[in-house]
Structures are given as structure tokens and as C-alpha cells.
Amino acid sequence: MTIQTQSHTLFDSQTSDNPKLTLLKTHFPHCFDKDGNFLPDKFAQELHAQDIATSREYYTMNWLGKSYARYLRECPPTTLLCENTAHNSLPENKNSQNLLIKGDNLEVLKHLKHAYQGKVKMIYIDPPYNTGSDGFVYQDDRKFTPQKLAELADMSLDEAKRVLDFTAKKSNSHSAWLTFMYPRLYVARELLKDDGVIFISIDDNEQAQLKLLCDEVFGEENFYGMASWTSTTKAMNAGSAKFKIQKSDEYILVYGKMSMQDHPPFNLEVKEKKDYPFQNENGEFYREEEVQQRKNTGIKRSEKMVFPILGVYPRDGNRWTIGNQTAIDLEKKGDVFVKNKTIFRKIYKSDEINESHYPLWIDLSDTVGTSENGKALVLEILGKEHGFETIKPLDLIEKLLFHFTDNNDVILDFFAGSGTTAHAVMTLNVRQETNRKYICVQLPEIVSKESDAHRAGYKTIFEITKERIIRSAQKIKSENPDYGGDLGFKIFETTADFRAIDDENITPKSLDWVDTLAKQLSDDEYQTLLTTWRVYDGQLLTDSVQAVDFGGYVAHLCGDNLYLLASGFDSSHIKNLMDKLDNDKVFLPTRIVLNGVNIDSPKQKELKQALDTYNNKKNLNLSLLVRY
């Protein structure tokens with residue numbers, strides 16, 4: 001047995017950890033040189049030899065910062081993950097499979113990548129629209145010299161200077177917005193299941209750029225469509241509306257991990273079976289239905305829809321939902337009539353017999369409400385101002401969940417905002433008796449001291465997200481007292497790496513490096529390191545963690561990995577560990593992960609020797625990894 005080692009940053013080894021490169025090496029080993037460098041020309045020859053059609057001409061999207069965005073998608077996270085143990089130990093949360101994670105969503109997505117890759121069925125995000133008034137600016141805490149950035153991101157020195165200029169100025173240009181979105185979408189795609197889908201809300205300002213960006217990230221053939229919905233019916237005031245077109249509609253771009261034609265059927269809403277009790281002189285069966293009316297207000301106001309049908313006008317303030325010519329045609333055929341001063345029409349069975357399901361997007365705006373509805377609901381739930389100007393209506397997210405997810409699916413929203421996605425998952429679970437799970441991510445963005453949210457007592461957007469989810473769960477439980485499903489959630493957050501080294505002269509290969517990091521871990525530091533490492537090693541945040549005592553030295557078993565992180569590991573603990581391997585039938589680790597900073601080299605070698613001579617009664621395929 002050899003001792004494998006990993007760098008202290010854990011994520012430094014990008015080449016060995018790149019699944020795409022691993023796939024290429026597995027199937028095309030001859031396309032790499034002796035140093036492991038990929039040979040693209042040789043790969044192209046291989047494709048040609050196998051008669052795989054290729055093209056030298058293709059459309060591509062470019063912008064200032066794209067090289068930097070590519071670097072951001074690949075570079076490791078600079079934070080660790082820690083658990084809110086006080087919240088997570090509450091009775092309603094301790095067994096929950098739902099997650100609310102506080103932190104920059106790009107950092108969070110990178111932390112989740114190993115454990116949740118291929119496990120998310122649906123992603124819904126409502127990112128900043130970059131309207132100029134929504135507060136979006138590009139913010140980046142990474143510090144580079146132009147020379148260092150040019151080297152890392154494989155760009156010219158001039159381009160590196162221009163990129164650093166727009167990051168320093170907190171730009172809200174199209175280029176800045178695309179640089180912000182690209183790495184997040186790229187990493188998010190890796191989390192989707194093969195039949196997963198992503199929904200992205202957007203308005204006119206970045207819709208065109210987002211479509212091209214998603215074509216590049218998800219593949220143009222995986223574009224499922226774009227739905228529009230009326231986000232507001234409130235008219236602008238006269239002053240602001242002068243010489244302007246009011247923007248009342250927003251869009252939802254839909255992409256999949258696979259092409260639309262290969263995707264399994266989506267869930268369709270079955271129409272309620274109707275009776276056709278009447279029969280006309282031609283033997284056609286029909287039913288009677290009241291001609292519907294709608295309030296004649298807002299931007300949908302139309303005097304053309306106010307007219308008499310058989311002498312009957314719509315009620316005051318209303319309009320018909322059918323046009324004048326349709327009404328005339330129905331009158332001519334005798335298919336409209338008055339009953340109790342109400343207009344009815346005949347609906348024939350032959351017209352509806354092949355319409356057993358509603359289309360996915362039927363009357364989307366009419367059935368899901370507007371942003372005003374979403375804002376009013378959150379105000380009702382919180383009982384005080386929340387500061388959000390626009391909030392997606394609950395029915396909109398619930399409709400997407402209904403059509404595109406099933407029982408036990410995982411749903412991700414990494415721009416959680418007011419927490420509508422979490423609320424919708426819980427609501428649909430109650431209605432369908434299912435067990436969908438959500439992962440919501442929200443930056444602890446500071447709210448303005450002049451805002452309604454601050455006056456209501458909220459310091460960050462994350463606090464609003466958390467409070468809305470808690471109160472939504474309480475409301476659901478009060479309305480459904482017999483419901484026993486999951487209404488709790490666990491909280492994790494990103495935190496600064498306490499192992500960070502400031503001195504650039506200290507290298508991972510030097511003894512000074514280990515001495516710099518070596519220290520007794522506090523309880524919080526221990527749990528943070530354990531959480532970060534176990535998620536990196538593929539364990540879900542909600543998976544169980546088992547403490548294992550080796551004669552006074554406590555380690556933790558997470559899945560098949562046994563973590564030895566604390567200092568004080570000595571020969572008696574090694575003997576105790578080996579005894580447990582021999583005699584405990586349910587103790588079945590396949591890998592031991594050592595914290596090389598707190599367990600010195602002699603003890604590492606002693607443990608390796610003990611494992612080498614271990615008689616292995618259980619036939620375990622046991623490996624040892626020292627991580628710094």
C-alpha cells in the first residue's frame with residue numbers, strides 16, 4: 001500500500017480531477033504524450049479515421065472577460081463549508097433533506113459539484129436582469145496582477161488589464177454580466193441529471209445574450225423553448241409612460257441536459273372529464289358552459305371586448321373573453337343562448353375528444369398570476385415589509401415543478417431571493433403527497449439602510465430567505481395539521497479558509513508550510529474541515545456522520561471514508577483502529593483520510609505499516625490518503 005497525498009487546498013489537482021480529461025484518457029490514451037498533455041490534432045485525426053463528421057466552421061460567442069470566465073469555472077473554491085449546528089439540531093430540521101446554503105453561489109456550486117453531480121432534476125433561477133436599476137454590478141474579491149491573470153486565464157496582458165479594470169470598477173456592462181453568469185451556468189449543468197432541466201427567468205435586457213450563452217453551455221440542440229408570462233398588469237404613471245413602451249412581459253428559457261426528442265415525456269395536467277348530456281338535431285353531443293368574463297382593467301383593458309351577446313352586456317367593469325366575431329358566429333349557428341340572464345355557449349364533444357391534457361404553457365399568465373401576487377403573498381407571510389420589488393408568483397414555480405419533476409427529485413435554486421422555490425416545493429409535496437427536496441443558495445447581501453427590509457429588521461437578503469421558508473412551512477402545517485412530510489431545512493454556509501497561507505514564499509513542499517498550518521483545531525474548525533472534505537469526497541450534506549472512538553481519539557465515518565483530522569493520534573489509537581477493523585462486523589471503511597497537518601509523518605508511516613500487515617478478515621479494499 002502506498003500513501004496518497006493531496007495539497008492543503010484540496011482542490012489544486014485539476015488535471016487528475018477533471019472528469020472530461022479522465023474520459024478522454026480512458027478512451028483515447030494515444031492522444032496524450034508521455035507527460036500527459038492532450039494532443040488535439042491527433043484527436044482530430046482519430047475522429048476522421050472513424051468517419052465522425054466534423055466542421056471547421058461554427059458560430060461562437062465572445063466578449064471581454066470570457067477567458068476569465070473560463071478560468072473562474074475551473075479554479076477551485078477559496079472557502080470552506082460549515083454547518084449551522086444550532087439550527088440543524090432543532091427537531092423540525094435534524095432529519096430534513098432540504099438545504100439552505102448561505103454564500104456566493106459560484107463557491108457553493110463548486111463545493112456541491114462532487115457530491116451532487118448528476119443528482120439534480122430541475123434548476124430554477126431568477127438571476128439579476130442587469131437593467132441598470134436592479135443593483136447588479138460585477139463584484140470579484142480575487143486579487144491578481146495583470147501578469148498573473150494573463151498566465152492563469154491564458155489571455156494577453158492587454159486583455160488581462162482590461163478585465164481587471166471592469167472588475168475593479170464594479171461594471172454592469174453586458175460583458176460583466178456574461179462573465180458573472182457563464183461559470184455559474186457551466187458548473188450548474190454538471191449537477192443536472194441526464195434528464196434534468198433548467199429554467200432561467202430573464203427580461204428583454206439580457207434575453208438575447210442569455211440565449212446565446214446557454215446555447216454554448218448546454219448546447220443549441222438542448223434548447224427546449226422559451227415561455228413568456230405577464231409579470232405585471234400595473235400601468236406606468238403618466239409621466240414615466242410618455243413616449244415609452246411598457247415592458248410587462250418576462251421570459252423563461254428552458255434547456256435540458258439531453259435533446260428534447262430524447263427526453264422522457266413530461267408530466268401533463270389531465271383535463272377533468274366532462275359530461276356531454278345534450279344532443280342536437282344532428283346527433284352531436286354537447287355541454288353547456290357560461291361565457292367567461294374578465295376584469296376590464298390594466299393593460300388588458302379593451303373596449304372592443306365590451307359588446308352585447310343576444311342583448312346581454314358583460315357586468316360593469318368586465319369584458320368578454322371571446323371576441324365579437326366569435327360571438328356572431330355562435331349566434332348564427334344557434335350555439336349561444338341566454339339562461340337566467342347569463343350567456344351560455346355549447347361546447348361539442350367532437351371538438352374536445354382529442355384534448356385530454358392541457359399543454360405545458362396554456363394561459364401561463366392567466367393561471368399563475370403576476371409579480372404583484374408574489375410580492376403580496378410574501379408580505380402576508382412575513383407580516384412586514386421585505387424590500388423585494390418583484391417576486392415570482394408561487395403558482396409559476398409550482399407549475400414548473402408539477403410538469404418537470406416527480407417524487408424524490410432534487411430541485412436547485414442558486415438565486416433563492418425570497419425563497420419562492422422552497423415554498424413551492426413544500427406546497428406541491430403536500431398537494432401530491434410527494435417528497436421532492438430543495439437546495440436553495442443565497443448570498444448574504446447587505447440590504448440598504450434606507451430600504452423597507454432594513455426598517456423591518458432584516459440586515460441581509462439571506463435573513464429574508466430564511467424567514468420566508470420558516471413561516472411558509474408553519475403556514476402549511478397550520479393548514480394541513482395531519483401532514484407528516486418534510487417541512488424543515490438544514491443550513492450550511494461558506495466561510496473563509498482558516499488554513500490559508502499569506503506568505504507566497506512558503507510552498508506546499510516545504511516543512512515551513514506544514515508548520516504554518518499545524519495547530520489544535522477548535523470544535524468549529526474541526527466540523528468545518530470535516531464537512532468540506534466529506535462533501536468533496538462525494539457525500540451529500542444531509543448524509544449521516546458517525547463518530548468513532550479509538551480509545552480516546554475520535555474520528556468520523558462518513559459513508560466509506562474514515563476521517564482522522566484531530567491532533568493527538570498515537571500508537572495506541574492505531575492499535576485500537578486495527579482491532580476495530582478485525583472485530584467490528586459493521587465497521588467497513590474502504591478509505592482512511594488523514595489530516596497530514598495534525599498527524600505527523602512518523603504516525604502516518606506507522607499506520608501505513610499496520611495496514612500493510614493487516615490480515616484483512618473482511619476482504620476490505622482499504623486505501624490511505626493523507627490530505628493537507
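On a predicted model such as this, the values are computed, not experimentally measured, just so you know. All residue numbers refer to positions in the sequence shown, counting from 1.
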- Message: Are the side chains of Y116 and L99 in contact, using a 4.5 Å heavy-atom criterion?
- Response: yes
- Query: Mind checking whether Y286 and K349 have side chains closer than 4.5 Å, heavy atoms only?
  - Reply: no
- Item | Salt-bridge contact K392-D126 (side-chain N to carboxylate O under 4.0 Å) | yes
- Verdict with reasoning, H111 to F492, per ring-ring contact (aromatic ring centres under 6.0 Å, His included): CA-CA 11 Å; H111 279 298; F492 292 82; over 10 Å; no
- Query: Step by step, would you call V441 with K102 a side-chain contact (heavy atoms from CB on, under 4.5 Å)?
  - Reply: CA-CA 6 Å; V441 184; K102 178 167 67 174; over 6 Å; no
- Item | Backbone of L80 reached by a side-chain donor or acceptor of T532 within 3.5 Å | no
- Assess the side chains of Y251 and D204: does a donor N or O sit below 3.5 Å from an acceptor N or O? yes
- Item | Whether over 12 other heavy atoms sit under 6.0 Å from N407 CG | yes
- Query: So which heavy atom on M258 is nearest to which on P264, and how close?
  - Reply: SD-CD, 4.2 Å
- Query: When you look at N93 and S96, which way does the side chain to side chain donor-acceptor pair (under 3.5 Å) test go after all the steps?
  - Reply: CA-CA 5 Å; N93 302 321; S96 178; 5.6 Å; no
Just distance, no hydrogens or angles: give the donor-acceptor pairs under 3.5 Å from side chains in residues 420-433, sequence neighbours left out.
{"from": "T420", "atom 1": "OG1", "to": "S418", "atom 2": "OG", "distance (Å)": "3.3"}
{"from": "T420", "atom 1": "OG1", "to": "R468", "atom 2": "NH1", "distance (Å)": "3.0"}
{"from": "T421", "atom 1": "OG1", "to": "D413", "atom 2": "OD2", "distance (Å)": "2.7"}
{"from": "H423", "atom 1": "ND1", "to": "R468", "atom 2": "NE", "distance (Å)": "3.2"}
{"from": "H423", "atom 1": "ND1", "to": "R468", "atom 2": "NH2", "distance (Å)": "3.1"}
{"from": "H423", "atom 1": "ND1", "to": "S472", "atom 2": "OG", "distance (Å)": "3.2"}
{"from": "T427", "atom 1": "OG1", "to": "H423", "atom 2": "O", "distance (Å)": "2.9"}
{"from": "N429", "atom 1": "OD1", "to": "T434", "atom 2": "OG1", "distance (Å)": "2.8"}
{"from": "N429", "atom 1": "OD1", "to": "R436", "atom 2": "N", "distance (Å)": "2.9"}
{"from": "N429", "atom 1": "ND2", "to": "V425", "atom 2": "O", "distance (Å)": "3.4"}
{"from": "N429", "atom 1": "ND2", "to": "R436", "atom 2": "O", "distance (Å)": "2.9"}
{"from": "R431", "atom 1": "NE", "to": "E398", "atom 2": "OE2", "distance (Å)": "3.0"}
{"from": "R431", "atom 1": "NH2", "to": "E398", "atom 2": "OE2", "distance (Å)": "3.0"}
{"from": "Q432", "atom 1": "OE1", "to": "R436", "atom 2": "NH1", "distance (Å)": "3.0"}
{"from": "Q432", "atom 1": "OE1", "to": "R436", "atom 2": "NH2", "distance (Å)": "3.0"}

- So, do L100 and K466 sit near enough that their side-chain heavy atoms are less than 4.5 Å apart? yes
- Message: For the CG atom on N282, are there more than 12 heavy atoms of other groups (residues, nucleotides or ligands in this structure) within a distance under 6.0 Å?
- Response: yes
- Task: Without swapping roles, check the side chain of E107 against the backbone of P77 for a donor-acceptor pair under 3.5 Å.
- Result: no
- Query: Do any N or O atoms from the side chain of K437 and from the backbone of N435 form a donor-acceptor pair under 3.5 angstrom?
  - Reply: yes
- Note on the structure: Sorted by chain and residue number, the ring pair (Phe, Tyr, Trp, His ring centres under 6.0 Å) partners of Y438 (sequence neighbours excluded) come out as none
- List the steps, then state whether salt bridge (charged side-chain N to carboxylate O under 4.0 Å, His left out) holds for D395 with K399. CA-CA 6 Å; D395 289 348; K399 183 177 180 64; over 6 Å; no
- Flag the pair K66 / T60 as yes when at least one side-chain heavy-atom distance between them is below 4.5 Å, and no otherwise. yes
- Query: Can E289 and R287 be counted as an ion pair, charged N to O under 4.0 angstrom?
  - Reply: yes
- Message: Is there a side-chain contact between I101 and L112 in this structure, where contact means two heavy atoms from C-beta onward sitting under 4.5 Å apart?
- Response: yes
- Query: N296 side chain to S302 main-chain N or O, any donor-acceptor pair under 3.5 Å?
  - Reply: yes
- Message: Quick one about S259 and E221 (side-chain donor to acceptor, distance below 3.5 Å, no hydrogens or angles considered), yes or no?
- Response: no
- Message: What I'd like to find out is whether the side chain of F337 reaches to under 4.5 Å of the side chain of E288, using heavy atoms alone.
- Response: yes
- Any donor and acceptor pair, going by atom type alone, linking the side chain of N130 with main-chain N or O of N172 inside 3.5 Å? yes
- Query: Of all heavy-atom pairs between W63 and A69, which one has the smallest distance, and what is that distance?
  - Reply: CZ2-CB, 4.3 Å
- Message: Using side chain to side chain donor-acceptor pair (under 3.5 Å), reason through D406 and N267 one step at a time and then give a plain yes or no.
- Response: CA-CA 8 Å; D406 294 299; N267 302 323; 3.0 Å; yes
- Item | Nearest atoms (heavy-atom pairs only) where I322 meets L330 | CD1-CD1, 4.1 Å
- Query: Given E250 and T230, is the side-chain contact (heavy atoms from CB on, under 4.5 Å) satisfied, shown in steps?
  - Reply: CA-CA 6 Å; E250 293 184 7; T230 302; over 6 Å; no
- Item | D275 side chain to P277 backbone, donor-acceptor under 3.5 Å | no
- Task: Output, in order, the C-alpha distance, side-chain angles, deciding distance and verdict of side chain to side chain donor-acceptor pair (under 3.5 Å) for D203 and Q207.
- Result: CA-CA 6 Å; D203 73 353; Q207 180 271 323; over 6 Å; no
- Taking the six-membered ring for Trp, are Y536 and H114 parallel (under 30°), tilted (30 to 60°) or perpendicular (over 60°)? tilted
- Query: What is the minimum heavy-atom distance between E380 and K475, and which atoms define it?
  - Reply: OE2-CE, 3.7 Å
Below 3.5 Å, can you tabulate the donor-acceptor pairs from side chains in residues 189-202 to any protein atom, sequence neighbours excluded?
{"from": "S201", "atom 1": "OG", "to": "Y124", "atom 2": "OH", "distance (Å)": "2.6"}

- If we only count heavy atoms from C-beta on, is the Y182 to L213 side-chain gap below 4.5 Å? yes
- Item | K211/E220 under salt bridge (charged side-chain N to carboxylate O under 4.0 Å, His left out): CA gap, chis, key distance, verdict | CA-CA 9 Å; K211 172 66 170 64; E220 191 173 355; 5.1 Å; no
- Any side-chain heavy-atom pair of K121 and F404 under 4.5 Å: no
- E74 and R70: CA distance, side-chain angles, deciding distance, salt bridge (charged side-chain N to carboxylate O under 4.0 Å, His left out) verdict: CA-CA 7 Å; E74 300 295 345; R70 286 197 183 111; over 6 Å; no
- Task: Could you tell me whether the side chains of S228 and D249 share a donor-acceptor contact shorter than 3.5 Å?
- Result: no
- Message: Does K346 qualify as a cation-pi partner of F278, given the criterion of NZ or CZ under 6.0 Å from the six-membered ring centre and within 45 degrees of its axis?
- Response: no
- Quick one: closest heavy-atom pair of T465 and A416, and the distance? CG2-CB, 4.0 Å
- Judged by atom type as modelled, is there a donor-acceptor pair below 3.5 Å linking the side chain of R534 to the main-chain atoms of G559? no
- Within the distance-only criterion (no hydrogens, no angle test), does the side chain of Q293 pair as donor or acceptor with the backbone N or O of R315 below 3.5 angstrom? yes
- Between D543 (side chain) and Q539 (backbone), is there a donor-acceptor pair under 3.5 Å? no
- Message: Within 45 degrees of the ring normal and closer than 6.0 Å to the centroid, is that where the cationic atom of R184 sits relative to F180?
- Response: yes
- Donor-acceptor contact below 3.5 Å, side chain E206 vs main chain L210: no
- Applying ring-ring contact (aromatic ring centres under 6.0 Å, His included), run through Y276 and F285 and close with a yes or a no. CA-CA 6 Å; Y276 298 86; F285 290 95; 8.3 Å; no
- Go through the steps for E83 and N88 under the test side chain to side chain donor-acceptor pair (under 3.5 Å), then give the verdict. CA-CA 8 Å; E83 179 177 3; N88 295 356; 3.1 Å; yes
- Query: Between P444 and F462, what is the shortest heavy-atom contact and its length?
  - Reply: CA-CB, 4.0 Å
